[in-house]
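This report concerns only the one structure given below.
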Amino acid sequence: MKDTLNTAEETDITDSFGTLYHPKSALVFYETEGNNAQSYVENFDIDSNGNMINAHPLTIREAQRLSATLDIQTKKNKDFLKSNGIISTNVLFIDASENGKVIWYTKSQKRQLYFTERLSIPNGQAHTPPLLWCANKRGIRIFALATNKRPTAETQLLYAPFLNVYESGNVCMGSVDINIKNSASLEEFIKEWENYFFNSYFSHLVNNHNPIKGNCVNLWKNQILNKEAFPIDVLLNSNLTLKNLL
């Protein structure tokens, strides 16, 4: 019998790795004991085997290089949700903190929509109602609006008439890989979230939540085939106002 362990071909998988970073130096911080402790920083080079060598006090040039690197990362975080120009009137609220959010609205429009095969709804363009979006870097909530007018704090929110949306308005993104950069501008943030939502496949009602009067699957089948304006009268009240999202 052949020794399959010894004759099996080896496969080189290094090309499938991501960016590989090599360690170049390490900082070691020393501190004296007592109430008035003093600190000292030592810099070590790292050789090709990963060993720390050439210990020496941290030089001014090395400290400046470290400071510049940290400043770049801080600037990226400061750029989060910063507008590239005049803020669009469709933006209603901005919280630019690390875990902040944006609330904006879109008027009724025609969008490309995608559906899983088992729904028997053809992919294609269809008219959507006015929508209100509330998103942070990790997730998004979406609601419908009765008109194209700019919402106020007291505007009633209607359930968004889509599959994959919870009763709370939170969107089930399934296997979509959400990757909002810490340096994303306001415009990039909004565009990316709208693309994530409309480029994903609608597949199911979440927890049997039917967001409209009637059959949601039949609604979108008719919208795709007939290309008609969205029928606002099928929307249901969520019993929330914009103020509840602020």
Side-chain angles (χ1 to χ4, degrees), residues 90 92-93 95 99-148 151 155-180 184 189-246:
N90 73 313
L92 305 171
F93 177 85
D95 173 5
N99 297 314
K101 64 184 178 183
V102 180
I103 300 176
W104 73 99
Y105 83 103
T106 50
K107 297 181 179 181
S108 55
Q109 58 186 313
K110 184 182 286 187
R111 296 294 304 236
Q112 177 71 27
L113 303 176
Y114 300 93
F115 301 89
T116 55
E117 289 185 10
R118 68 182 185 84
L119 293 175
S120 298
I121 304 175
N123 299 329
Q125 292 195 337
H127 289 279
T128 62
L131 298 172
L132 185 129
W133 312 70
C134 178
N136 58 27
K137 283 185 285 192
R138 300 182 302 278
I140 188 167
R141 298 174 72 182
I142 187 169
F143 296 90
L145 299 167
T147 72
N148 282 326
T155 298
Q156 291 288 326
L157 304 183
L158 311 174
Y159 289 124
F162 301 103
L163 303 166
N164 301 12
V165 181
Y166 289 87
E167 187 173 1
S168 63
N170 288 295
V171 179
C172 173
M173 298 303 297
S175 60
V176 176
D177 183 20
I178 306 300
N179 183 24
I180 303 293
F189 181 89
I190 290 174
K191 182 178 180 180
E192 287 183 14
W193 266 120
E194 290 186 15
N195 287 339
Y196 281 136
F197 181 77
F198 284 119
N199 290 335
S200 62
Y201 279 78
F202 296 107
S203 59
H204 64 289
L205 293 176
V206 181
N207 297 336
N208 295 317
H209 166 59
N210 184 13
I212 67 163
K213 303 171 187 174
N215 187 297
C216 195
V217 172
N218 289 340
L219 168 70
W220 287 111
K221 189 176 295 185
N222 291 334
Q223 288 300 109
I224 293 288
L225 296 176
N226 299 328
K227 311 298 182 185
E228 297 175 346
F230 189 90
I232 298 295
D233 59 330
V234 304
L235 299 175
L236 296 172
N237 197 330
S238 71
N239 296 319
L240 295 174
T241 65
L242 173 55
K243 183 168 57 178
N244 295 122
L245 304 186
L246 299 177

Rounded distance [0.5 Å steps], [atom1] in [X] versus [atom2] in [Y]:
X	Y	atom1	atom2	result
Asn210	Leu163	CG	CG	9.0 Å
Trp193	Ile178	CH2	CD1	4.0 Å
Ile212	Asp233	CD1	CG	10.0 Å
Trp220	Phe202	CH2	CZ	7.5 Å
Gln125	Gln109	CD	CD	10.5 Å
Leu145	Ile232	CG	CD1	8.5 Å

Please find the pair of heavy atoms, one from [X] and one from [Y], that lie closest to each other, and give the distance.
X	Y	result
Glu194	Arg111	OE1-NH1, 3.6 Å
Pro151	Leu92	CG-CD1, 3.9 Å
Cys134	Lys101	SG-CD, 4.0 Å
Ala144	Pro129	CB-CG, 4.3 Å
Ile224	Gly124	CD1-O, 3.3 Å
Asn179	Glu192	O-OE1, 3.8 Å

Is there a donor-acceptor pair closer than 3.5 Å between any side-chain N or O of [X] and the backbone N or O of [Y]?
X	Y	value
Ser238	Tyr159	no
Asn170	Val165	no
Asn148	Pro130	no
Asn218	Asn222	no
Asn136	Gly100	no

[X] side chain near [Y] side chain, heavy-atom distance below 4.5 Å:
X	Y	result
Thr155	Leu132	no
Val171	Phe162	no
Leu219	Pro231	yes
Leu131	Tyr105	no
Pro161	Val234	no

Next item on the list: Verify side chain to side chain contact (heavy atoms under 4.5 Å, CB included) between Arg141 and Leu240, making sure each step is shown before the conclusion.
Entry: CA-CA 12 Å; Arg141 298 174 72 182; Leu240 295 174; 3.9 Å; yes
Assess whether atom [atom1] of [X] is packed by more than 12 heavy atoms of other residues, nucleotides or ligands within 6.0 Å.
X	atom1	answer
Lys243	NZ	no
Asn237	CG	yes
Glu117	CD	no

Margin query: Before we go on, tell me: are the rings of Tyr196 and Trp133 under 6.0 Å apart, centre to centre?
Written below: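 That pair fails the under 6.0 Å test.
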Check: For Phe198 and Leu113, what are the C-alpha separation, side-chain angles and deciding distance, and is it a side chain to side chain contact (heavy atoms under 4.5 Å, CB included)?
Finding: CA-CA 6 Å; Phe198 284 119; Leu113 303 176; 3.5 Å; yes
Next item on the list: In sequence, state the C-alpha distance, the side-chain angles, and the governing distance for Phe230 and Thr128, and then conclude on side chain to side chain contact (heavy atoms under 4.5 Å, CB included).
Entry: CA-CA 6 Å; Phe230 189 90; Thr128 62; 5.6 Å; no
Notebook entry, point to check: Would Arg138 and Asn99 count as a side chain to side chain contact (heavy atoms under 4.5 Å, CB included) if you check the C-alpha gap in whole Å, the side-chain angles of each, and the deciding distance to 0.1 Å?
Noted result: CA-CA 9 Å; Arg138 300 182 302 278; Asn99 297 314; 3.3 Å; yes
Item checked: Exercise: do Asn90 and Thr106 side chains pair donor with acceptor under 3.5 Å ->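 No.
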